[in-house]
Amino acid sequence: MAQDVRDPDADYLAFWRERHLCTLTTLRPDGTPHVVPVGVTYEPETRLARVITGKHSTKVANILAAGPDGARVAVCQVHKRRWATLEGLATVRTEADRVADAVGRYAARYERTPGPDPDRIVIEIAVDRALGRG
């Protein structure tokens with residue numbers, strides 16, 4: 001079921017605030033999907049989803065391989081009959097303030113603050129499509 005990214009329903013947004021493991025799907029340079037478990041935060045006001053990760057991960061390499069404009073990706077979460085997918089253009093951000101903001105958002109959603117990691121970066125996804133049933 002499609003959601004209006006400019007005005008998603010309240011149940012859908014509530015689902016994105018609950019603590020759930022998600023998946024991130026990127027495309028490898030050969031076009032095959034690479035799907036991995038991640039934590040995701042979603043800021044509906046700016047339509048921005050964030051994933052913190054290490055700068056040497058395959059998901060980061062896949063996004064960087066797509067070029068300077070970023071790569072199309074999807075993040076998804078499922079719990080019983082509820083599911084939600086966010087799609088959009090992902091870019092890799094290394095600025096300390098953006099990484100710290102993403103870590104803070106992760107800590108709020110997942111009720112745990114990740115330890116320090118000098119290789120940590122943030123994948124920012126400019127969400128342009130939302131699907132699901134919250």
**Request:** Could you tell me which non-hydrogen atom of L131 sits nearest to which non-hydrogen atom of A2, and how far apart they are?
**Result:** CD2-CA, 3.8 Å

**Counterpart residues, side chain to side chain contact (heavy atoms under 4.5 Å, CB included), relative to D97 (two or more places apart)** = E95

**Request:** Show your working on side-chain contact (heavy atoms from CB on, under 4.5 Å) between I125 and V75 and close with a plain yes or no.
**Result:** CA-CA 9 Å; I125 305 163; V75 290; 3.7 Å; yes

**Asked** So which heavy atom on L89 is nearest to which on G70, and how close?
**Response** CD1-C, 3.7 Å

**Request:** Using the test side chain to side chain contact (heavy atoms under 4.5 Å, CB included), find all partners of D9 that sit at least two apart in sequence or belong to another chain.
**Result:** Q3, D11, Y12

**R81: side chain to side chain contact (heavy atoms under 4.5 Å, CB included) partners, not counting sequence neighbours** = R133

**Request:** Determine which pairs satisfy ring-ring contact (aromatic ring centres under 6.0 Å, His included) with at least one residue from residues 68-98, sequence neighbours left out, and list them in order.
**Result:** H20-H79

**Asked** Apart from V99 itself, which Ile, Leu, Val, Met, Phe, Trp or Tyr residues share its cluster (side-chain heavy atoms under 4.5 Å, direct or through members)?
**Response** I52, V103, Y106, Y110, V122

**Residue pair Q77 / R82, side-chain heavy-atom distance below 4.5 Å** = no

**Fill in**
For H34, the ring pair (Phe, Tyr, Trp, His ring centres under 6.0 Å) test, sequence neighbours excluded, returns none

**Request:** To the nearest 0.5 Å, tell me how far T58 OG1 sits from I63 CD1.
**Result:** 11.0 Å

**Asked** Can you hop from V5 to L86 via hydrophobic side chains spaced under 4.5 Å?
**Response** yes

**Item:** Heavy-atom pair with the smallest gap, counting every atom of L27 and P33
**Value:** CD2-CA, 3.9 Å

**Complete:** Here the salt bridge (charged side-chain N to carboxylate O under 4.0 Å, His left out) pairs for residues 19-37, sequence neighbours left out, are none

**Request:** For T53, enumerate each residue passing the side chain to side chain contact (heavy atoms under 4.5 Å, CB included) test, keeping only those at least two apart in sequence or located in another chain.
**Result:** S57, K59, V60, I121, I123

**Item:** Under 4.5 Å side-chain linkage, directly or through intermediates, the cluster mates of F15
**Value:** none

Side-chain donor-acceptor contacts of residues 36-44 below 3.5 Å, not counting sequence neighbours, with atom names and distances?
unit_1 : atom_1 : unit_2 : atom_2 : d
E43    : OE1    : T46    : OG1    : 3.1
E43    : OE1    : R50    : NH1    : 3.0
E43    : OE1    : R50    : NH2    : 3.0

**Fill in**
What one should report as the nearest heavy-atom pair of G88 and D128 is CA-OD1, 3.7 Å

**Fill in**
Contacts satisfying salt bridge (charged side-chain N to carboxylate O under 4.0 Å, His left out) that involve residues 107-122 (not counting sequence neighbours) are K55-D119

**Asked** Could you give all pairs that pass the salt bridge (charged side-chain N to carboxylate O under 4.0 Å, His left out) test and reach residues 83-92, with sequence neighbours left out?
**Response** R72-E87, E87-R129

**Message:** Applying a strict under-4.5 Å side-chain criterion to I, L, V, M, F, W and Y, I'd like to know whether V78 and V35 cluster together.
**Reply:** no

